[in-house]
Asks: 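Sharing a structure below in structure tokens format, with a few things to ask.
Whatever order the structure lists them in is the order used to number ligands and atoms, beginning at 1. Atoms considered below: every heavy atom in the structure, side chains included; atoms not considered: hydrogens, waters and symmetry mates.
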Amino acid sequence: MKIGFIGLGIMGRPMAKNLLKAGYDLVVYDKFAPLDDVVAAGAKAGTSNQDVAAQSDVIITMLPNSPHVKEAILGKAGVIDGAKAGAIVVDMSSIAPAASQEIGAALKARGVTMLDAPVSGGEPKAIDGTLAIMVGGDAAAFETVKPILEKMGSSVVLAGEIGAGNVTKLANQIIVALNIAAVSEAFVLATKAGVKPETVFNAIKGGLAGSTVMNAKVPMMLAGNFAPGFRIELHVKDLQNALDTAHALHVPVPLTANVMETMQALTLEGLSTSDHSAIVRHYEKLAQAEVRA
Ligand code: NAD
């Protein structure tokens, strides 16, 4: 089975390398990023999204957002122009569920099946091949590509029809953002009230308030290290998709809206490329107290 891999950014590059390590035959393409190290690791370089699709049975895309995926798949010299009938497109980008459904329908009209399969876990888990992968789409296509996804992730779950993977990812992104905001508010209060934040962390991390987010982000806050990780600008993109999806269904999401406005303020302060743990900086500014070890 020949796999095409499009989008060799922070996430796509290590994911593609894990497929090469597992012995898959890969053809790769990125519109802007260099392909050299992936080619050195054994991949063939494609010349366009169309070219990659024409050479592949399964085409994986790992791109920033809905417009990029639309362009790569439906745009000029796109995947849709090269893909053979019977091919499977697996879009692993985090995009709007409605966009997944639209692109999936266009591909279906050409006999190509699309799954949306966004991931959670960030660059370290992309490198380790231990991502959580949440998938939407046809069950038979899911079973066909599952062994491939298992080379990139330790959890691979079919969540429902096309778009369900990205709905699940939006839920994930809401919970992560609000968890960081809650941790920030609580740790700023504790610091201002005179208790060392590292003491608070050690006292509560094993209890009900403990979380993967707390374990990953509090040490970054204590060190004042806001190097990404997951950039605020990407989280803004995800929350915008969450707000759009919620509002299309008239679902009020007041907490999501609140943390989105916090991220807007941080963007104005020049922190859009900082890690999302920098949400604490907003609360620190409000309270005039810094959460540092
Ligand atoms: P990135 O910006 O590092 O990589 C995206 C790549 O897509 C770039 O190399 C870019 O050149 C390429 N690209 C853009 N448009 C293209 C086109 N039309 N044709 C071909 N290539 C094109 O982004 P990333 O951090 O790898 O994230 C990719 C996706 O994964 C995003 O949706 C992101 O939200 C999601 N994600 C990221 C993380 C993370 O920690 N970085 C974690 C989980 C999920």
Side-chain angles (χ1 to χ4, degrees), residues 4-18 27-38 45-53 56 59-82 89-97 99-100 103 116-135 149 152-155 165-166 168-177 180 212-213 216-217 220 226-242 263 272-277:
F5 204 113
I6 295 168
L8 300 169
I10 291 176
M11 298 294 286
R13 192 168 297 270
M15 289 162 70
K17 285 182 179 172
N18 281 333
V27 50
V28 297
Y29 178 72
D30 191 295
K31 196 172 170 184
F32 307 106
L35 307 176
D36 318 15
D37 57 328
V38 189
T47 55
S48 69
N49 293 313
Q50 177 178 1
D51 177 47
V52 165
S56 307
I59 303 119
I60 296 173
T61 47
M62 192 51 167
L63 305 167
N65 197 8
S66 314
H68 310 87
V69 179
K70 275 188 190 170
E71 191 207 315
I73 295 182
L74 306 180
K76 199 165 166 249
V79 167
I80 197 165
D81 297 319
V89 171
V90 185
D91 177 39
M92 303 191 73
S93 329
S94 303
I95 71 171
S100 301
I103 300 163
D116 62 317
V119 309
S120 173
E123 189 185 17
K125 287 183 179 248
I127 293 169
D128 293 348
T130 56
L131 293 164
I133 306 177
M134 41 218 103
V135 187
L149 299 180
M152 297 180 279
S154 52
S155 153
N166 272 306
T168 308
K169 173 70 181 179
L170 291 182
N172 183 84
Q173 293 306 82
I174 290 172
I175 292 166
V176 170
I180 297 174
T212 309
V213 166
K217 300 303 173 183
M220 294 180 76
F226 301 112
F230 191 71
R231 298 189 303 274
I232 283 179
E233 63 189 4
L234 277 181
H235 217 145
V236 164
K237 177 263 297 182
D238 290 335
L239 293 188
Q240 189 61 55
N241 285 336
M263 290 201 201
S272 62
T273 56
S274 295
D275 187 73
H276 51 178
S277 55

Asks: State whether the shortest distance between N or O atoms of Leu234 and N or O atoms of ligand 1 falls below 3.5 angstrom.
Replies: no

Asks: Could you tell me the residue and atom name of the protein heavy atom closest to atom 25 (O) of ligand 1, and the distance to it rounded to 0.1 Å?
Replies: Ile10 CB, 3.6 Å

Asks: One thing to verify: whether Arg13 and Asp37 come together as a salt bridge, which I'm taking to mean a side-chain N less than 4.0 angstrom from a carboxylate O.
Replies: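 Salt bridge present between Asp37 and Arg13.
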
Asks: If you have a sec, work out which protein heavy atom is nearest atom 30 (O) of ligand 1 and how many Å separate them, to one decimal?
Replies: Met62 CE, 3.1 Å

Asks: Only heavy atoms of Gly122, strictly under 4.0 Å: list the atoms of ligand 1 that pass.
Replies: 40 (O), 42 (C)

Asks: Minimum heavy-atom separation for Gly9 to Pro14, with atom names?
Replies: O-CD, 4.1 Å

Asks: Is the shortest distance from a heavy atom of Asp30 to ligand 1 less than 4.0 Å?
Replies: yes

Asks: Please round to the nearest 0.5 Å and tell me the distance separating atom CE of Met152 and atom CE of Met92.
Replies: 4.0 Å

Asks: Hey, is ligand 1 close enough to Met11 that some N/O pair sits below 3.5 Å?
Replies: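 Yes; the residue has a nitrogen or oxygen that sits under 3.5 Å from a nitrogen or oxygen of the ligand.
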
Asks: Under 4.0 Å, heavy-atom basis, I'd like to know which part of Asn49 is in contact with ligand 1: side chain, backbone, both or neither.
Replies: side chain

Asks: Examine Lys237 against ligand 1 and note whether any of their N/O atoms are separated by less than 3.5 Å.
Replies: yes

Asks: Does NZ belonging to Lys125 count more than 12 external heavy atoms closer than 6.0 Å?
Replies: no

Asks: Any nitrogen or oxygen of Lys31 lying under 3.5 Å from a nitrogen or oxygen in ligand 1? Just yes or no.
Replies: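 Yes: some nitrogen or oxygen of Lys31 is under 3.5 Å from one in ligand 1.
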
Asks: Heavy atoms only: give me the nearest Val27-Ser56 pair and the separation to one decimal.
Replies: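 So the minimum-distance heavy-atom pair works out to CG1-OG, 3.4 Å.
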
Asks: As an exercise, state the distance from NZ of Lys76 to OG of Ser48, rounded to the nearest 0.5 Å.
Replies: 10.5 Å

Asks: Rounded to the nearest 0.5 Å, how far does CD1 of Ile60 lie from CG of Leu149?
Replies: 6.5 Å

Asks: Show which atoms of ligand 1 fall inside a sub-4.0 Å distance from at least one heavy-atom site of Glu71.
Replies: 18 (N)

Asks: Using the ring of each side chain (for Trp, its six-membered ring), is His235 parallel, tilted or perpendicular to Phe230, with breaks at 30° and 60°?
Replies: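 His235 vs Phe230 ring planes: perpendicular.
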
Asks: Could you tell me if any non-hydrogen atom of Pro64 lies under 4.0 Å from any atom of ligand 1?
Replies: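 Distance cut 4.0 Å: Pro64 passes for ligand 1.
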
Asks: At a 4.0 Å threshold, what atoms of ligand 1 neighbour a non-hydrogen atom of Phe32?
Replies: 11 (O)

Asks: Looking at ligand 1, does any of its N/O atoms fall within less than 3.5 Å of an N/O of Ser94?
Replies: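 By distance alone, the answer is yes.
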
Asks: Heavy-atom contacts with Ala33 under 4.0 Å: which atoms of ligand 1 show up? List them by number with element.
Replies: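 In order of numbering, the contacting atoms are 9 (O), 11 (O).
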
Asks: For Glu71 and Asn49: C-alpha separation, side-chain torsions, deciding distance, then whether side chain to side chain contact (heavy atoms under 4.5 Å, CB included) applies.
Replies: CA-CA 10 Å; Glu71 191 207 315; Asn49 293 313; 5.7 Å; no

Asks: Assess whether side chain to side chain contact (heavy atoms under 4.5 Å, CB included) is satisfied between Gln240 and Asn65, documenting all intermediate values.
Replies: CA-CA 11 Å; Gln240 189 61 55; Asn65 197 8; over 6 Å; no

Asks: Does only the side chain of Lys169 get under 4.0 Å from ligand 1, or the backbone, or both, or neither? Count heavy atoms.
Replies: side chain

Asks: If you round to the nearest 0.5 Å, how far is CD of Glu123 from CG of Asp128?
Replies: 10.5 Å

Asks: Looking at atom 4 (O) of ligand 1, what's its closest protein heavy atom, distance included?
Replies: Gly9 CA, 3.2 Å

Asks: Considering non-hydrogen atoms of the protein only, which is the closest contact for atom 13 (N) of ligand 1, and what is the distance?
Replies: Leu63 CD2, 3.5 Å

Asks: Using a 4.0 Å cut-off to any heavy atom of Val119, which atoms of ligand 1 qualify?
Replies: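 Close to Val119: 43 (C), 44 (C).
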
